[in-house]
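Accompanying notes for the structure given below.
In each ligand, atom 1 is the first atom listed, and ligand 1 is the first ligand listed. None of these values were measured; they are calculated from a predicted model. Side chains are part of it too, since the values below use all heavy atoms of this structure and drop only hydrogens, waters and symmetry mates.
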Amino acid sequence: MKEIVILGSTGSIGTQTLEVIKNNSGLNVKALAAGSNIRLLLKQIEEFMPETVCVYNSGKALELEKQLKAKDGVYRHINVLSGMEGLTECARLDGADTVVAAVTGMIGIKPVTEAIKSGKDIAFANKETLVTAGHIIMPMVNKYKVKLLPVDSEHSAIFQCINGQHKNRPAKIILTASGGPFRGMKKEELANVTPADALKHPNWSMGKKITVDSATMVNKGLEVIEAMWLFGMGLKDIEVVIQPQSIIHSMVEFKDGAVIAQLGTPDMKLPIQYALCYPERRYLKGERLDFYKIPQITFEKPDMDTFEGLGLAYKAGEAGGSMLTVFNAANERAVNMFLNGRAGFTGITRIIKECMEVHKNIDNPSLSDILEIEQDVYRYIESRF
Ligand code: NDP
Ligand code: MG
């Protein structure tokens, strides 16, 4: 039995992970963690009976504990944790094999590094953590000999394309992007788009933050950096191509010019299941591609003048060090402000740009440097915008 901990079980990736676990033998839920949604967490507890749960919000954790105590015997033994301590304790639980990192944002850094130190394999969705701390995480993965299995669909696609290639390193990674709901629009048109407009992704149903990131193309920027860390590629060898139908999930070019792609319907359960069952491929219920019904697959160059987030990500990636934290933290806060009506859509990249311009880059930041710089960025934004 593979024992699984899900950090972010009530989110889009978390709930789909639970569906995958339900439909597969040999996978068991050891622990679940969420931010504050105890209503859904309680339902998940009733269905999957984890030994341990964590609710980041301590008030909600107490509430959940009370509700569990009021139920019959078995529920009283569930260990309820809270806060960052609780999250990291879940991540390093004895007897757990795989930690699914599916929280949103760089809040995942500590739990993920603790999980690796405890020898857990990581099914990795939480890209913000890898973007900011890749220089710490990747050497740890080697040192503690754990597997870092990508869940992000593009990175899972690349991982699938390079499987079986032995020592043939890819010459180039071609990350595909849908282009988001505003593809084809110009800057002036973007000035007045609302959160409701941005939350309508054409092909994927995901959490709010990543959906806004897809609309600004910051998501693709984060993914470029994620690919840089995961596959040890130079930025100049990672190319972004718009493929609006989201059929090709990404491609790899080898030095002889051969290109290998992974295709499929847009369903996150495939990369999740592949990461949880790796290296085995198992049956997955759902639609299959019907090539007779696909009229065309088209490609475009990304419009980096309009969607500045992608170019800023390449800049942050080239600078490396703490600039990656600034890029990510500024985006996290700016997206939040956009969703709460405190910033406009084009304000998101404006805020990121300004934060990057004023930052004095530090090479090789430690974990505590990263967390400190994150707070500095939040304070700067608070004082300026
Ligand atoms: P959601 O917003 O849907 O879910 C986020 C999850 O994290 C929720 O369970 C939330 O709990 C939990 N959470 C938030 N803050 C904390 C905290 N402080 N402590 C513990 N748990 C917390 O996000 P997604 O599932 O869409 O995305 C998760 C990650 O996966 C992101 O990094 C995203 O970029 C990445 N990803 C997502 C894809 C997708 O299809 N959704 C595709 C590829 C990558 P609560 O519900 O209680 O707030
Ligand atoms: Mg993706």
Side-chain angles (χ1 to χ4, degrees), residues 5-20 31-44 53-61 63-64 81-91 99-112 122-132 150-159 175-180 199 201 203-214 217-227 230 240 243 246 248-250 262 266-272 275 328 331-332 335-336 339:
V5 173
I6 307 175
L7 307 178
S9 68
T10 51
S12 160
I13 294 289
T15 49
Q16 294 182 85
T17 302
L18 286 170
E19 260 184 77
V20 166
L32 297 175
S36 60
N37 185 354
I38 55 171
R39 244 177 79 166
L40 180 54
L41 188 57
L42 187 61
K43 281 199 190 127
Q44 296 180 338
V53 294
C54 172
V55 187
Y56 192 83
N57 178 310
S58 55
K60 293 282 180 189
E63 226 178 283
L64 177 71
L81 307 169
S82 73
M84 184 48 78
E85 244 170 65
L87 262 187
T88 47
E89 198 173 324
C90 282
V99 172
V100 181
V103 293
T104 294
M106 50 192 292
I107 187 105
I109 294 183
K110 273 193 183 160
V112 165
I122 313 285
F124 214 100
N126 176 215
K127 61 190 90 181
E128 297 91 344
T129 283
L130 195 61
V131 165
T132 51
V151 166
D152 210 345
S153 59
E154 295 77 0
H155 304 76
S156 174
I158 294 160
F159 183 61
L175 272 183
T176 52
S178 70
L199 290 174
H201 195 280
N203 305 330
W204 296 93
S205 151
M206 310 178 285
K208 281 186 182 172
K209 194 254 174 190
I210 184 177
T211 308
V212 175
D213 286 349
S214 300
M217 288 207 65
V218 165
N219 181 53
K220 209 46 59 181
L222 293 169
E223 291 184 353
V224 166
I225 299 161
E226 188 184 6
L230 276 175
V240 173
Q243 197 277 281
S246 294
I248 301 177
H249 298 313
S250 277
Q262 189 254 332
D267 182 355
M268 284 308 294
K269 289 196 283 306
L270 194 155
I272 293 170
N328 179 71
N331 178 58
E332 285 194 28
V335 169
N336 215 286
L339 288 172

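Below 3.5 Å of separation, one finds an N or O of T104 facing an N or O of ligand 1. Residue contacts with ligand 1: M206 is placed with no nitrogen or oxygen under 3.5 Å of a nitrogen or oxygen of the ligand (distance criterion only). Of the polar atoms of G105, none of the N or O atoms is found under 3.5 Å from an N or O of ligand 1, judged by distance alone. Taking distance alone, with nitrogen or oxygen atoms compared against 3.5 Å, Y56 stays at or beyond that limit from ligand 1. Taking any N or O of E128, backbone or side chain, at least one lies under 3.5 Å from an N or O belonging to ligand 1.
The option with the heavy atom closest to atom 20 (C) of ligand 1, from among A34, G83, S82, is A34. Of the candidates I13, V55, I107, T10, I13 brings a heavy atom nearest to atom 37 (C) of ligand 1. Counting only non-hydrogen atoms, the option in S156, P271, S12 that gets closest to atom 3 (O) of ligand 1 is S12.
Note: I248 CD1 to Q243 CD = 4.5 Å, rounded to the nearest 0.5 Å. Here the straight-line distance linking atom CE of M206 with atom OG1 of T211 works out to 4.0 Å at 0.5 Å rounding.
Looking from atom 4 (O) of ligand 1 to the surrounding protein, the closest heavy atom is G11 CA, 3.1 Å. If you check which protein heavy atom lies closest to atom 34 (O) of ligand 1, you get K127 CE, 3.3 Å. Given atom 26 (O) of ligand 1, the protein heavy atom at minimum distance is G207 N, 2.8 Å. Among all non-hydrogen protein atoms, the one lying nearest atom 13 (N) of ligand 1 is G35 N, 3.8 Å. In this structure, the protein non-hydrogen atom closest to atom 43 (C) of ligand 1 is D152 OD1, 3.1 Å. Among all protein heavy atoms, the one lying closest to atom 35 (C) of ligand 1 is A125 O, 3.1 Å. The nearest heavy-atom contact from the protein to atom 31 (C) of ligand 1 is V103 O, 3.7 Å. The nearest heavy-atom contact from the protein to atom 28 (C) of ligand 1 is A102 O, 3.3 Å.
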ask   = Could you go step by step and tell me if V335 and D213 meet the side chain to side chain contact (heavy atoms under 4.5 Å, CB included) rule?
value = CA-CA 8 Å; V335 169; D213 286 349; 3.5 Å; yes
message = Does S9 form a side chain to side chain contact (heavy atoms under 4.5 Å, CB included) with T17? I'd like the steps, not just the answer.
response = CA-CA 8 Å; S9 68; T17 302; over 6 Å; no
message = If you apply the rule side chain to side chain contact (heavy atoms under 4.5 Å, CB included), what do you find for E63 with I38, and how did you get there?
response = CA-CA 8 Å; E63 226 178 283; I38 55 171; 3.5 Å; yes
query = After noting the C-alpha distance and the side-chain angles of T104 and I210, does the key distance pass the side chain to side chain contact (heavy atoms under 4.5 Å, CB included) rule?
reply = CA-CA 8 Å; T104 294; I210 184 177; over 6 Å; no
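The backbone N or O of Y56 lies less than 3.5 Å from no partner atom in the side chain of S82, so there is not a single donor-acceptor pair. Side-chain atoms of N57 do not come within 3.5 Å of backbone N or O of G35 as any donor-acceptor pair. In terms of modelled atom types and a separation under 3.5 Å, the side chain of T129 and the main chain of I109 share a donor-acceptor contact. Put simply, the side chain of T176 gets close to the backbone of H249: a donor and an acceptor are under 3.5 Å apart. In terms of modelled atom types and a separation under 3.5 Å, the side chain of S156 and the main chain of D152 share no donor-acceptor contact. Not a single donor-acceptor pair under 3.5 Å links the side chain of S250 to the backbone N or O of A157. Although no hydrogens or angles enter the test, the distance criterion places no donor-acceptor pair under 3.5 Å between the side chain of E154 and the main chain of L175. Between the E128 side chain and the M106 main chain, no donor and acceptor come within less than 3.5 Å of each other. The closest donor-acceptor contact from the side chain of Q16 to the backbone of S12 lies under 3.5 Å. No donor-acceptor pair closer than 3.5 Å links the side chain of K127 to the backbone N or O of N219.
Per-residue contacts place G8 under 4.0 angstrom from the following atoms of ligand 1 (heavy atoms of the residue considered): 6 (C), 7 (O), 9 (O), 12 (C). Which parts of ligand 1 touch S9 is read off a 4.0 Å heavy-atom cut-off, strictly below it: atoms 9 (O). Near N126, meaning under 4.0 Å from one of its heavy atoms, ligand 1 places the atoms 32 (O).
The two residues S214 and H201 make their nearest non-hydrogen contact at CB-CD2, 3.6 Å.
In S153, neither the side chain nor the backbone holds a heavy atom less than 4.0 Å from any atom of ligand 1. Contact annotation: for L7 versus ligand 1, there are no heavy atoms closer than 4.0 Å. At a heavy-atom cutoff of 4.0 Å, ligand 1 is contacted by the side chain of I210 but not by its backbone.
Put simply, part of M268 is less than 4.0 Å from ligand 1, judged by heavy atoms.
With waters left out, the protein N, O or S atoms under 2.8 Å from the Mg ion (ligand 2) add up to 3.
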